[in-house]
Amino acid sequence: MFYHVKDLQFNARVSKPDPRFARLMLEQFGGANGELAAAMQYFVQAFSCHNPYPEIYDMLMDIAAEELGHLEIVGATIQMLLTGINGEMKDMADNAEINQMMKGKAAKEDFIHQATINPQFGVISAGSPILSDSNGNPWCASYISANADPTVDLRSNIASEARAKIVYEYLFKFTDDPYVKETLSFLMTREVTHYQQFEAALETIKPNFPPGILQADPRYSNRAYNMSKGNDARGPWNEGKSTQLKEQWLYVDDVQQEVVSTNGLADIQPEKTAMTMDEAAEMNKKLSKERSQKVKEATPQKDIQWSMYEDKCEDL
């Protein structure tokens with residue numbers, strides 16, 4: 001059940017129309033890293049968490065709802081930046097100048113002319129936001145990442161918030177409007193907040209590495225292959241200990257020789273790893289059983305009901 005409050009979460013304002021920047025703002029309206037994509041991603045991910053991870057379900061739904069509010073803020077900002085265009089497009093008696101404008105001649109005010117850099121503003125939406133990115137590519141459900149495993153989905157969300165934040169950072173470079181910058185700053189900051197929430201939620205699931213359930217094969221987990229020659233770089237990604245498993249990196253400089261000498265790596269043995277092959281297999285069985293049991297115990301097999309209205313009535 002959704003309830004819409006007509007006031008925006010943040011007091012979005014613009015100093016004056018700016019159709020060129022409105023086009024750029026579309027990236028956060030209907031783009032791959034925009035607010036709609038975030039809202040739908042967290043909304044879809046929440047369903048698989050409803051029974052086994054109710055706390056994460058609650059968090060995902062909260063953030064999804066906030067992202068829809070951010071979509072409204074972005075849409076309202078775009079609409080304000082396009083002020084005047086809708087009225088001009090509806091002036092059917094003045095179509096001679098409109099025709100000149102569509103041919104690229106600056107017959108009307110500059111801000112209307114600039115809006116037609118994205119023709120969809122004129123020929124489809126007549127000066128209103130559309131669910132596309134800044135180049136007019138329509139929003140697509142393939143932007144959504146949902147794998148029904150919170151150790152995977154939460155990591156996807158952390159990356160999504162990071163990408164959305166950097167887009168807002170880039171947008172700062174293209175506007176001098178102090179009011180618009182205030183809105184961008186608010187939206188960018190909330191990406192930082194959500195990043196931390198997803199990170200904290202991931203830490204409540206133990207173990208959460210590797211993502212998913214199955215452990216890494218200890219024969220290959222700590223081998224750093226030098227797959228390109230010239231100015232070879234060394235660093236914590238191929239020397240010292242690995243970040244999560246704390247295994248000693250084994251730097252393999254001659255990859256072809258190792259592949260040939262070990263029958264295509266089939267005969268290789270674990271070296272300086274966190275666990276043996278048998279221990280990894282045992283861990284796979286244990287964690288698989290635990291995660292499976294958690295889901296099954298939390299999910300009824302008959303008379304299935306999503307919401308418990310009776311319990312809520314007793315609390316009123």
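Just so you know, these numbers come straight off a predicted model, no measurement behind them.
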Chemist: Could you go through residues 64-73 and list every donor-acceptor pair under 3.5 Å that involves a side-chain atom there, pairing it with any protein atom two or more places apart or in another chain?
Modeler:
{"from": "Glu66", "atom 1": "OE1", "to": "Arg190", "atom 2": "NH2", "distance (Å)": "3.1"}
{"from": "Glu66", "atom 1": "OE1", "to": "His194", "atom 2": "NE2", "distance (Å)": "2.9"}
{"from": "Glu66", "atom 1": "OE2", "to": "Gln9", "atom 2": "NE2", "distance (Å)": "3.2"}
{"from": "Glu66", "atom 1": "OE2", "to": "His70", "atom 2": "NE2", "distance (Å)": "3.1"}
{"from": "Glu66", "atom 1": "OE2", "to": "Arg190", "atom 2": "NE", "distance (Å)": "2.7"}
{"from": "Glu66", "atom 1": "OE2", "to": "Arg190", "atom 2": "NH2", "distance (Å)": "3.3"}
{"from": "Glu67", "atom 1": "OE1", "to": "His70", "atom 2": "ND1", "distance (Å)": "3.4"}
{"from": "Glu67", "atom 1": "OE2", "to": "His194", "atom 2": "ND1", "distance (Å)": "3.2"}
{"from": "His70", "atom 1": "NE2", "to": "Gln9", "atom 2": "OE1", "distance (Å)": "3.1"}
{"from": "Glu72", "atom 1": "OE1", "to": "His4", "atom 2": "NE2", "distance (Å)": "3.3"}
{"from": "Glu72", "atom 1": "OE2", "to": "His4", "atom 2": "NE2", "distance (Å)": "3.2"}

Chemist: What's the shortest heavy-atom distance between Ser221 and Glu247, and which atoms?
Modeler: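 Looking at all heavy atoms of both residues, the shortest contact is OG-OE1, 2.8 Å.
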
Chemist: Compare every heavy atom of Pro129 with every heavy atom of Gly75, then report the nearest pair and how far apart it is.
Modeler: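 That closest heavy-atom pairing would be O-CG, 3.4 Å.
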
Chemist: Near Asp232 CG, under 6.0 Å, is it more than 12 heavy atoms from other residues, nucleotides or ligands?
Modeler: yes

Chemist: Using modelled atom types only, decide if a donor and an acceptor are shared between the side chain of Ser134 and the backbone of Leu26 within a distance under 3.5 Å.
Modeler: no

Chemist: Does Phe172 belong to the same Ile/Leu/Val/Met/Phe/Trp/Tyr cluster as Met80, with side-chain heavy atoms less than 4.5 Å apart forming each link?
Modeler: yes

Chemist: Does NZ in Lys285 sit with more than 12 non-hydrogen atoms of other residues, nucleotides or ligands closer than 6.0 Å?
Modeler: no

Chemist: Working note: Asp18 + Met25, criterion side-chain contact (heavy atoms from CB on, under 4.5 Å); need CA distance, chi angles, decisive distance, verdict.
Modeler: CA-CA 11 Å; Asp18 185 352; Met25 281 287 285; over 6 Å; no

Chemist: Drop me the distance from Leu202's CG to Thr204's OG1, to the nearest 0.5 angstrom.
Modeler: 7.5 Å

Chemist: Any chain of hydrophobic side-chain contacts (each under 4.5 Å) joining Tyr309 to Ile304?
Modeler: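 Looking at the clustering, Ile304 is in a separate group from Tyr309.
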
Chemist: Working to the nearest 0.5 angstrom, can you tell me the gap between Glu27 CD and Asn135 CG?
Modeler: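 Nearest 0.5 Å value for the CD-CG distance: 7.0 Å.
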
Chemist: Between atom CD1 of Ile213 and atom NZ of Lys289, what is the distance when rounded to the nearest 0.5 Å?
Modeler: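 Taking CD1 in Ile213 and NZ in Lys289, the distance rounds to 14.0 Å.
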
Chemist: I need the minimum non-hydrogen distance between Pro300 and Asn51, along with the two atoms involved.
Modeler: CD-ND2, 4.4 Å

Chemist: Pick from Glu191, Lys165, Arg163: which one makes a side-chain hydrogen bond (donor to acceptor under 3.5 Å, both in side chains) with Asn33?
Modeler: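 Testing Asn33 for a side-chain hydrogen bond (donor to acceptor under 3.5 Å, both in side chains) against Glu191, Lys165, Arg163 leaves exactly one candidate, Arg163.
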
Chemist: Does atom NZ of Lys229 have more than 12 heavy-atom neighbours, drawn from other residues, nucleotides or ligands, at distances under 6.0 Å?
Modeler: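 Correct, the count exceeds 12.
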
Chemist: Is any side-chain heavy atom of Thr175 closer than 4.5 Å to one of Leu24?
Modeler: no

Chemist: Atom CD in Gln197, atom CG in Asp62: separation rounded to 0.5 Å?
Modeler: 8.0 Å

Chemist: Just do the side-chain contact (heavy atoms from CB on, under 4.5 Å) check on Ile56 and Asp153 with the steps written out, would you?
Modeler: CA-CA 11 Å; Ile56 295 178; Asp153 286 341; over 6 Å; no

Chemist: Is the side chain of Asp177 donor-acceptor paired with the backbone N or O of Val14 at a distance under 3.5 Å, no angle test?
Modeler: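 A pair under 3.5 Å: no.
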
Chemist: When you measure from the side chain of Thr262 to the backbone N and O of Ala266, does any donor-acceptor pair fall under 3.5 Å?
Modeler: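 Pair absent, no side-chain N/O of Thr262 close to backbone of Ala266.
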
Chemist: Applying ring pair (Phe, Tyr, Trp, His ring centres under 6.0 Å), which residue pairs with at least one partner in residues 209-255 are found, sequence neighbours left out?
Modeler: none

Chemist: Tell me, yes or no, whether the heavy-atom count around Gln256 atom CD, taken from other residues, nucleotides or ligands under 6.0 Å, exceeds 12.
Modeler: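 Open.
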
Chemist: Using modelled atom types and a 3.5 Å cut-off, is there a donor and acceptor pairing between side-chain atoms of Ser261 and backbone atoms of Glu258?
Modeler: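 Yes, because the side chain of Ser261 sits within donor-acceptor range (under 3.5 Å) of the backbone of Glu258.
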
Chemist: To the closest 0.5 Å, what do you measure between CG (Asp58) and NE2 (His50)?
Modeler: 10.0 Å

Chemist: If we ignore hydrogens and angles and just use 3.5 Å, is the side chain of Asn284 paired with the main-chain N or O of Gln215 as donor and acceptor?
Modeler: yes

Chemist: Looking only at the side chains, is there a donor atom on one of Asp149 and Thr151 sitting less than 3.5 Å from an acceptor on the other?
Modeler: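 There is such a pair (donor and acceptor under 3.5 Å, judged by atom type) between the side chains of Asp149 and Thr151.
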
Chemist: Side-chain heavy atoms under 4.5 angstrom apart, residues restricted to Ile, Leu, Val, Met, Phe, Trp, Tyr: same cluster for Ile130 and Phe21?
Modeler: yes

Chemist: Check whether Tyr53 forms a cation-pi arrangement with Lys294 (NZ or CZ under 6.0 Å from the six-membered ring centre, at most 45° off the ring normal).
Modeler: yes

Chemist: Just checking Lys181: does its NZ atom have more than 12 heavy atoms from other residues, nucleotides or ligands closer to it than 6.0 angstrom?
Modeler: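 More than 12 heavy atoms, drawn from other residues, nucleotides or ligands, come within 6.0 Å of this atom.
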
Chemist: If hydrophobic clusters are built by linking Ile, Leu, Val, Met, Phe, Trp and Tyr wherever their side-chain heavy atoms come under 4.5 Å apart, do Val152 and Met283 end up in the same one?
Modeler: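 Per the 4.5 Å side-chain linkage, Val152 and Met283 are not co-clustered.
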
Chemist: Applying side-chain contact (heavy atoms from CB on, under 4.5 Å), run through Leu154 and Asn208 and close with a yes or a no.
Modeler: CA-CA 10 Å; Leu154 290 171; Asn208 61 36; over 6 Å; no

Chemist: How long is the straight-line distance from CG of Leu187 back to OG1 of Thr77, given to the nearest 0.5 Å?
Modeler: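 Output value for this atom pair is 7.5 Å.
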
Chemist: Where do Leu8 and Ala76 come nearest, in terms of heavy atoms and distance?
Modeler: CD1-CB, 4.0 Å

Chemist: Do side-chain atoms of Asp217 reach the backbone of Arg219 as a donor and acceptor pair under 3.5 angstrom?
Modeler: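 Such a contact is found between Asp217 side chain and Arg219 backbone.
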
Chemist: Determine whether a donor-acceptor pair (N or O, by modelled atom type, separation under 3.5 Å) exists between the side chain of Asn222 and the backbone of Gln248.
Modeler: yes

Chemist: Taking Ser185's backbone N and O only, do any of them form a donor-acceptor pair with Thr189's side chain (distance below 3.5 Å, no angle check)?
Modeler: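 Flag set: sc Thr189 to bb Ser185 pair under 3.5 Å.
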
Chemist: May I ask whether Tyr195 and Ile205 are part of the same hydrophobic cluster, defined by side-chain heavy atoms of I, L, V, M, F, W, Y residues being less than 4.5 angstrom apart, directly or through others?
Modeler: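 Tyr195 and Ile205: one cluster.
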
Chemist: Quick one: closest heavy-atom pair of Leu81 and Lys16, and the distance?
Modeler: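 In terms of heavy atoms, the two residues are closest at CD2-O, 4.0 Å.
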
Chemist: Between Leu60 and Phe198, is a side-chain contact (heavy atoms from CB on, under 4.5 Å) present by the stated rule, with each step listed?
Modeler: CA-CA 9 Å; Leu60 287 170; Phe198 292 135; 3.7 Å; yes

Chemist: Are any of the side-chain heavy atoms of Phe174 and Arg20 separated by less than 4.5 Å?
Modeler: no

Chemist: Quick check: does any side chain N or O of Arg155 sit under 3.5 Å from a backbone N or O of Ala159, one acting as donor and the other as acceptor?
Modeler: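 Checked: no pair found.
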
Chemist: Which atoms form the tightest heavy-atom contact between Pro270 and Met277, and what is the distance?
Modeler: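 Between these two residues, the closest heavy atoms are CG-CG, 3.9 Å.
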
Chemist: Is the backbone of Pro19 close enough, under 3.5 Å, to the side chain of Arg23 for a donor and an acceptor to pair up by distance?
Modeler: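 Flag not set: sc Arg23 to bb Pro19 has no pair under 3.5 Å.
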
Chemist: Within a strict 4.5 Å, meaning less than it, do heavy atoms of the Tyr179 and Glu182 side chains meet?
Modeler: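 Answer yes - side chains close enough.
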
Chemist: Kindly list each side-chain donor-acceptor pair under 3.5 angstrom involving residues 34-49, sequence neighbours excluded, with atom names and distances?
Modeler:
{"from": "Glu35", "atom 1": "OE2", "to": "Tyr168", "atom 2": "OH", "distance (Å)": "2.5"}
{"from": "Gln41", "atom 1": "OE1", "to": "Ser145", "atom 2": "N", "distance (Å)": "3.0"}
{"from": "Gln41", "atom 1": "NE2", "to": "Asn157", "atom 2": "OD1", "distance (Å)": "2.8"}
{"from": "Gln41", "atom 1": "NE2", "to": "Ser160", "atom 2": "OG", "distance (Å)": "3.2"}
{"from": "Tyr42", "atom 1": "OH", "to": "Glu161", "atom 2": "OE2", "distance (Å)": "2.4"}
{"from": "Gln45", "atom 1": "OE1", "to": "Asn157", "atom 2": "ND2", "distance (Å)": "2.7"}
{"from": "Gln45", "atom 1": "NE2", "to": "Ser145", "atom 2": "O", "distance (Å)": "2.8"}
{"from": "Gln45", "atom 1": "NE2", "to": "Asn157", "atom 2": "OD1", "distance (Å)": "2.9"}
{"from": "Ser48", "atom 1": "OG", "to": "Gln45", "atom 2": "O", "distance (Å)": "3.2"}

